[in-house]
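Below you'll find the structure, written out as structure tokens, and then a few comments.
Residue numbering restarts at 1 for every chain, and letters A, B, ... go by the order of the sequence lines.
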Amino acid sequence: MEVLSINNDLYILNEKEFVPKNIFENGQAFRWEKINDGYMVVADKYVVYIEELNKEQLQNLGNYDNGILIQNGGTLDDYERFWKTYFNMDRDYFLLRNEFMSYDKYLKEACEFGVGLRVLKQDLFEMIISFIISANNQIPKIKKSINAISELAGDKIYSINNNSYYKFPTIEQLSKVTVEDLKKYARVGYRAEYIVNSVKMIVDEEVSLEKIKSLPYEEAHKELCKLQGVGPKVADCILLFGDSRDEAFPVDTWVIKVMNEYYLDNEKNMKKIKEAGAKLFKDKAGLAQQYLFFYARENKVGVKKKG
DNA sequence: GTCCAGGCCAGAC
DNA sequence: GTCTGGCCTGGA
């Protein structure tokens, strides 16, 4: 793997374990938009366009086998300080998949299907709010709500043509937004109270984000569940995508389907499904979950066909 | 009009 | 502790 920065654009070269679709369309991130063959992504203070390089571009850069463009991603310093962490570039996904492929034939198939998937390390506070919104909701709506909240309270970071992009608000900024505005502009419905109350609990340090980062997984999970609108599934998403807790195993409808299709027999108890995940995949349950989830949703595993 | 979506909460047992 | 019904909203 090699990283270049040319004219404020970053290039990640000769890294096969990096497929934008498998990273962004995997339910872990919401601040992206499919444009042409790539993705417009807002992360921290950055607004970037990410796409796979074609043969000509690879040749011009110096005969690389494959590569990713992060347009407007910044300098190598930006890479070291932000992108490297955001994309978890220190994790060797090739090794990880090889390990998983020896587990069982289902995980093997999911790992082959999901080559290039990576679990992001995003901002903890942003993940808390994002996944409170995600409950009983669908991705296009979640994305709209989060963009609206960013526009409502966050700093403007970039404008192009008539589009403006906003950073996700800080705790301080979001604490000033009212339930009424969240309902009216962000269309989050009954989740508005959850957001306002949870932000207040964080501001008042009834729940400390620093503490959560330092606690062992089980205790961090318990701590997050004190927040309104945060249950077991949402807490696991927050820990997996916002704090790189690989043992977190979010059980959503797709995981219920895929676990019952391959590992369990019509188990409906979420807690038991989660325990099965922990037993099967141990301290890497969250990573296995990502491959299984992606495979299940893309292939509609466990969905009864009509007719 | 009806149904449901990447769950949580409150109340009942 | 475990189970059930209700829920904002927008699109099928």
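Among the heavy atoms of the strands lying under 4.0 Å from A:L227 are primed sugar atoms or P, OP1, OP2 only; no base atom is included. At the heavy-atom level, A:V255 lies nowhere under 4.0 Å from the strands shown. Base engagement by A:N26 is indicated by at least one non-hydrogen atom pair under 4.0 Å involving a base atom. Nucleic acid contact for A:I132: none, since no nucleic acid atom lies under 4.0 Å from a heavy atom of the residue. Here A:P232 lies in heavy-atom contact (under 4.0 Å) with sugar-phosphate atoms only. A:F293 comes within 4.0 angstrom of a nucleotide base, judged by non-hydrogen atoms across all strands.
A side-chain hydrogen bond (donor to acceptor under 3.5 Å, both in side chains) with A:S150 holds for exactly one of A:R31, A:K156, A:K167; it is A:R31. Checked options A:V258, A:I273, A:L280; the residue passing with A:Y263 is A:L280 (criterion: side-chain contact (heavy atoms from CB on, under 4.5 Å)).
Pairs engaging residues 136-183 of chain A under the ring pair (Phe, Tyr, Trp, His ring centres under 6.0 Å) rule: none recorded [sequence neighbours left out].
Between the C1' atom of B:dA10 and the OH atom of A:Y190 lies a distance of 14 Å, rounded to the nearest Å. Rounded to a whole Å, the NZ atom of A:K271 is 17 Å from the C1' atom of B:dC8. The distance between atom CH2 of A:W254 and atom C1' of B:dA5, rounded to the nearest whole Å, is 11 Å. If you measure from atom CG of A:N137 to atom P of B:dC4, you get 17 Å, rounded to the nearest angstrom. What separates CD of A:Q138 from C1' of B:dC3 is a distance of 12 Å, to the nearest Å. Rounded to a whole Å, the CD atom of A:Q228 is 14 Å from the C1' atom of B:dG7. Taking atom NZ of A:K226 as the reference point, atom P of B:dC8 lies 17 Å away to the nearest angstrom. In this structure, A:I195 atom CD1 and B:dC8 atom C1' are separated by 13 Å, rounded to whole Å.
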| How would DNA chain C look in dot-bracket form, 5' to 3', counting Watson-Crick and G-U wobble pairs with both distances under 3.5 Å and writing | for bases paired to another strand? | |||||||.||||
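Salt bridge annotation for A:E193-A:K183: present, with a cationic side-chain nitrogen under 4.0 angstrom from a carboxylate oxygen. Salt-bridge annotation for A:K21 and A:E25: present, with a side-chain N of the basic residue lying under 4.0 Å from a carboxylate O of the acidic one. No salt bridge links A:R81 with A:D44; every basic N to acidic carboxylate O contact stays at or beyond 4.0 Å. Salt bridge A:E275/A:K279: absent, no basic N to carboxylate O contact under 4.0 Å.
Residue whose closest nucleotide on DNA chain B sits further toward the 5' end, between A:S134 and A:G229: A:S134. Where A:F241 and A:Y194 meet DNA chain B, the nucleotide closest to each residue was compared, and A:F241 sits on the side nearer the 5' end.
Contact footprint of chain A on DNA chain C: nucleotides with an atom under 4.0 Å from a non-hydrogen protein atom, first to last in 5' to 3' order, C:dC3 to C:dG11.
Comparing the same atom, P, in B:dC8 and in C:dG11 gives a spacing of 24 Å after rounding to whole Å.
Counting only distance, with no hydrogens or angles, the side chain of A:Q173 and the backbone of A:T170 share a donor-acceptor pair below 3.5 Å. With hydrogens and angles ignored, the 3.5 Å screen pairs a side-chain donor or acceptor of A:N88 with a backbone N or O of A:V119. Side-chain atoms of A:D123 come within 3.5 Å of backbone atoms of A:F125 as a donor-acceptor pair (strictly under, hydrogens ignored).
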